[in-house]
Structures are given as C-alpha cells and as structure tokens.
Visitor: 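One structure, as structure tokens, below. Some questions next.
All values derive from a computational prediction rather than experimental measurement.
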Amino acid sequence: MATRAVLEPAFEQYLARDGEKGLLRFLTCGSVDDGKSTLIGRLLFDSRNVFEDQVQAAAKATRNRAAGEVDLSLLTDGLRAEREQGITIDVAYRYFATARRKFIIADTPGHEQYTRNMATGASTADLAILLIDARQGVLPQSRRHAFICSLLGIPRFVVAINKMDAAGYHRAVFERVRDEFAGFLAKLGSPQAYFLPISALAGDNVVARSRRMPWFDGPSLLEHLETVESGGLQASTGFRMPVQCVSRPDHAFRGYAGQVVSGAIHPGDMVTALPSGRRSHVRRIATFDGDLAEAFAPMPVTLELEDPLDISRGDLLFAGSGHPHMAGRFEAHLIWMDPRPLDARRRCLLKHTTQTVAAEVTLRHRVDIHTLHAEAAPALEMNAIGVVEMVTTKALFFDSYRLNRITGSFILIDPETNATLAAGMILQPVAAPAGSGPVTAAERMARWGHRGAVIEIETASLAVALERALFDHGCSVAVAASRSAASALKGAGILAILVTPSAPLRDVAAALRQLQQQGVLVSRDTVSTGGGI
C-alpha cells in the first residue's frame, strides 16, 4: 500500500507534465517516390515511437530488401493497394511524442491523381515537410503541393532534400535544388522555410545529425520539429460560432448549440446573430459537464442568451471588433477534385460551416503552378487550381480565408452523387453586376451595414438632426411622412424616422444608442470590398 501511495503522485505528476507539452500538426508532401512514407517511418523508428509487433509486421511485408532490412514506409502505408503498388493513396495519420512535444503527422500521397487527399491532410496542418528527390530536383507536383499548402495558410515549411545518399552526399546537389525551390517559394509570399539535406533510407539528419555531411551544421529534422514555433493560421476575426441546432430540452430553456471556431466568449458578453443583426448578452455557456466561465475554439458548447432571438441552423453568432461579410457573391481560390472538368452549367451545392446552399461557379482564370501567373482557360480539370466567382442562392456569413480558416473555407458537392467536387478558400465578396436582378435584403445589409428599422422620435427638428447623424454615419435613412411609408422603407432595408409626439426617444444620442443595442447599427467594411457587417 505504501508503494502504491508513492507511485500515484508520481504518475499524476507525469500526466501533468505530459499534458503541458505543446502539439504540432504537420504533413509530408511532395512528388511521387520522393520518400515521404519512408521518412515518417524512419522518424518513428529512430525516435522509438513504434511497437515491436508493428516492426515485425513491416519486416514480414518487406519485399526486395536484403535479409534483416525493414521497409520503413510500410509503417504508414497500411492499405493493401498501397503495399502492393509501393505508393501512398490515402492520408495516413500517425501520433507520436518526444520529451519536448507531441506530434500528429499526416502522410499524404504524391501522385497527381490523389492531390485531393493531400489537400485534406494539409487543411489542419501547422507545418509542411516538402520532400524533393535530390536526383530529380524540383518537379511540377512539388510546386503544386507547395502552392496548395500556401493557399491553405500553412505558415512554416521544411524543405527536406531527400536521397542524398544516392547523390553522393554532395553539397553542390543540395545547394542547386535549394536555390531553385527557394525562388519558387518567394513567389508564394516567402513562407518560413528551413532547408536541410537528408537520407530517409539511411537516417541521415532525420533524428540524429549526419556525419556524412559535415558541411551542413543545421539541426536534424526532429530537432527542428521540437523547437519550431507551433500553431497554425490564427484566426484574427474575434468570436465566431456557426449554429448547429437549437436545443429545447424543456419549455424553460432555449440554447444555441455549435462549435466555437475562433475567439472566446464569456457569460455577460454581447453577441450578434446573423442574418437578423439582433444582439443579446450571453446568459450561460452550457455543456454536458456543466456551465463554463469561458468557451474558446474549438470547443462545442450551447449558448443561452438573455433574449429569445429568432435563430436557426446555419445562422452565425459573433462578437468582437471584426465583423463577418454577409453576401451571396464572392471570389475564391478553388482546387478542383472531380475527374470531370468544371462546367459552369453544372449544378452544385456549397457547404459552408453549418449550412448547405445551391451555388453557381464562374471560372475567372486558372493558375499556372510553374509561374503562379493567371492564364485563360475554358475549364478546370482535376487537380487544377483557379480563381472563381461563386454565386449562392442564399447569403453566407464569412471572413476571408487568410483571417479565418473555418468561416473562410467551403466545399462544393455534387447534388446527384454527394461526391466532393472542389475545396474553396474565400478571398473577398464582390459586388453584383449591374442589371443582375432585384437588390436583396442581404445586399442592402452588406452595403449599408444595417438592417431596416423604424425610429420614432418626438419632434421634427430632432428627426432632421437624427437623419443627418445617421446619414453621416453612412446609413441609408429617410424621414417618413406616415406610418405606412415608414413600414415600406423598413421593408426595403432603409432606416425610417417617424415623428411621433408621444415617442419615448427625445434625444439623438439616445436614439443612436438604442439602434446599436438592438443590433440595427453595426460596424461596416468599405463599400469597395463589397461591404460587411
């Protein structure tokens, strides 16, 4: 019993220390046969993060190797087709840890036909390891994967120039490939890149530093992964929670359930609901384990508000200084994943956060992965990347992808087969072309930064002063001659001021405060970018 009493605190201390370790999510990518799976297998094997039975299974499946050798790529290539063909097809996720940090690895395929699987693995990564065969140099797929990683907001690259053993460990080979690829990365906006020469097969510069390349004095791959700054693209948009469902367990409780995708929220904080624009304070943050004093990304929670707002699935709750766009037309980067080329006449569904709407796609241009220049093209073929204009049947609430990975991304779905057609990263909203149909309430709200409302005020002189104050604020506002005229203006998304001698509002400042408290007036982006609220 005494021994157990001693061991329990020690075990709890170990768990506490383990829980304090940081987490780094990274992926391996590059062209086919560059050695991605072998690198991950070597990293796991040399850092002692594989079990003996896994090594024995890989040794049993090893073919065309000398006696006693193990094909380390088999530690990650688990599908039968992968082992038969000697390639990676699907994304393989592996977890391992060292004394300094925890890691989640996504081993992604290199074949062009499986580029969509690579994009899936890159969507949550904090760092990308780009492998290049020292003998082959920079290939088109190397550029494509680097471009996709850049589009998906991965801020840090490790460029591992592999198979240096087959290149005689010559420094000139490493420097030639490094200089060529560094020039390409500079066109992507110069992400942080660490270049190092390795041999995944022999283990040079993977876990331990290589003695065969004394001319390279940088840290090994594992040393770099343990010390590099962690954390991916941080959302800089404040609190965002797309509503998944409305929770009504009884008549006394109405909660809005969803996952916090960015920012943090506390009881008492003011939140705004879109598309209504109504505001309320958070009364409770409810979870299965009890109420919380704070919720932050990526926690799933249920928010109970002080007021019974009309909110449903697909709506957005937000708070903070940044305001999402609200628009049904926007520009985006698109990675096309379907074998059939993009056709503007083809029907598709767009899934964005918790809502799915019908959408139309117009191709503006394709991106040449060699030069990153825009090129005219009639369509996007599979694995091609382009800039498109999306038009949806219902307004979406979004941020640009560079500000928020979740609210700035979407996928396109085939409504007939439910297959994923493309992945998109939103750039910015765009204004509708002239003569494209009637102006919608969502477009008015995006342009002016407010919804329609009737403001009753005591005297005509105060009405004129309030109209001037709201007009100078950038609002669409008018003094109405009658109550019916005021209702018509409100329906059109315009602020209508009605003179009512018995009105409780007898001060311009009080009227402005009330409009802000009710969520009628919100901050706006400039009209030149399509507006936002």
Side-chain angles (χ1 to χ4, degrees), residues 116 119-120 123 148 151-152 240 242-244 261 274-275 312-316 324-367 374 377-447 529-533:
R116 60 183 178 182
T120 300
S123 61
I148 292 174
L151 288 181
L152 291 172
R240 301 282 190 272
V243 176
Q244 183 76 25
V261 299
L274 292 180
S312 59
R313 175 183 171 88
D315 291 357
L316 180 73
H325 297 287
M326 180 176 174
R329 187 182 296 266
F330 55 86
E331 186 179 62
H333 273 115
L334 201 69
I335 305 173
W336 190 253
M337 300 178 174
D338 195 62
R340 293 177 295 173
L342 167 63
D343 185 346
R345 297 168 297 178
R346 186 174 181 180
R347 295 175 54 246
C348 64
L349 298 175
L350 184 148
K351 187 177 188 310
H352 174 262
T353 62
T354 57
Q355 62 176 324
T356 301
V357 298
E360 296 179 356
V361 190
T362 301
L363 177 62
R364 289 192 171 181
H365 62 259
R366 182 170 55 191
V367 178
L380 284 182
E381 68 279 5
M382 186 171 69
N383 301 321
I385 302 169
V387 174
V388 299
E389 182 177 317
M390 303 296 309
V391 179
T392 58
T393 56
K394 178 182 177 183
L396 304 182
F397 325 117
F398 58 86
D399 303 282
S400 66
Y401 186 85
R402 65 181 178 82
L403 297 179
N404 194 309
R405 262 185 173 178
I406 306 300
T407 60
S409 62
F410 64 90
I411 61 171
L412 296 182
I413 302 170
D414 189 322
E416 298 177 0
T417 65
N418 211 35
T420 300
L421 301 176
M425 288 73 70
I426 298 175
L427 294 171
Q428 60 188 3
V430 296
S436 60
V439 178
T440 66
E443 289 174 320
R444 289 191 178 97
M445 197 169 181
R447 172 64 62 87
T529 60
I533 59 172

Visitor: When rounded to the nearest 0.5 angstrom, what is the spacing between CG in Leu342 and CH2 in Trp336?
Guide: 4.5 Å

Visitor: Okay, side chain of Lys394, backbone of Leu396: is any donor-acceptor separation there less than 3.5 Å?
Guide: no

Visitor: If you take all heavy atoms of Leu349 and Ala358, which pair is closest and at what distance?
Guide: CD2-CA, 4.0 Å

Visitor: Using 0.5 Å steps for rounding, measure from the CZ atom of Phe397 to the CE atom of Met326.
Guide: 5.0 Å

Visitor: Suppose we screen for ring pair (Phe, Tyr, Trp, His ring centres under 6.0 Å). Which residues come up paired with Phe410, at least two apart in sequence or across chains?
Guide: Phe330

Visitor: Using the rule given for side chain to side chain contact (heavy atoms under 4.5 Å, CB included), can you reason through Met337 versus Leu412, listing the C-alpha separation, both sets of side-chain angles and the distance that settles it, and then say yes or no?
Guide: CA-CA 10 Å; Met337 300 178 174; Leu412 296 182; over 6 Å; no

Visitor: Give, for atom CD of Gln355 and atom OG1 of Thr392, the distance between the pair rounded to the nearest 0.5 Å.
Guide: 8.0 Å

Visitor: Do you know the tightest heavy-atom contact between Lys351 and Thr356?
Guide: CG-OG1, 3.6 Å

Visitor: Can you name the nearest heavy-atom pair linking Met390 to Ala359, along with the distance?
Guide: CE-CB, 3.9 Å

Visitor: Can you check side chain to side chain contact (heavy atoms under 4.5 Å, CB included) on Val387 and His333, steps first, answer last?
Guide: CA-CA 5 Å; Val387 174; His333 273 115; 3.7 Å; yes

Visitor: Ignoring hydrogens and geometry, is there a side-chain-to-backbone donor-acceptor pair from Thr354 to Val243 under 3.5 Å?
Guide: yes

Visitor: Can you pull out every salt bridge (charged side-chain N to carboxylate O under 4.0 Å, His left out) where at least one residue sits in residues 352-362? Sequence neighbours excluded, please.
Guide: none

Visitor: Considering non-hydrogen atoms only, spot the tightest contact between His365 and Ala374 and give its length.
Guide: CD2-CB, 3.3 Å

Visitor: Would you name the heavy atoms of Cys348 and Pro415 that are closest together and state the gap between them?
Guide: CA-CD, 3.9 Å

Visitor: If I compare all heavy atoms of Leu274 with all of Pro324, which pair ends up nearest, and what's the gap?
Guide: CD1-CG, 3.6 Å

Visitor: Rounded to the nearest 0.5 Å, what separates atom OH in Tyr401 from atom CG in Leu427?
Guide: 11.5 Å

Visitor: Output the distance between atom OG1 (Thr353) and atom CZ (Arg313), rounded to the nearest 0.5 Å.
Guide: 9.0 Å

Visitor: Could you walk me through whether Ile385 and Leu151 pass the side chain to side chain contact (heavy atoms under 4.5 Å, CB included) test, one step at a time?
Guide: CA-CA 10 Å; Ile385 302 169; Leu151 288 181; 3.7 Å; yes

Visitor: Do Ile426 and His325 have side chains that approach each other closer than 4.5 Å (heavy atoms only, starting at C-beta)?
Guide: no

Visitor: Tell me, please, which residues at least two apart from Glu331 pass side chain to side chain donor-acceptor pair (under 3.5 Å).
Guide: Arg364, Gln428

Visitor: What's the separation between atom CD in Glu389 and atom CG in Leu363, rounded to the nearest 0.5 Å?
Guide: 11.0 Å

Visitor: Evaluate the side chain to side chain contact (heavy atoms under 4.5 Å, CB included) criterion for residues Val261 and Thr407: first the C-alpha distance (whole Å), next the side-chain angles of each, then the deciding distance (0.1 Å), finally the verdict.
Guide: CA-CA 8 Å; Val261 299; Thr407 60; 4.1 Å; yes

Visitor: Using modelled atom types and a 3.5 Å cut-off, is there a donor and acceptor pairing between side-chain atoms of Arg405 and backbone atoms of Leu152?
Guide: yes

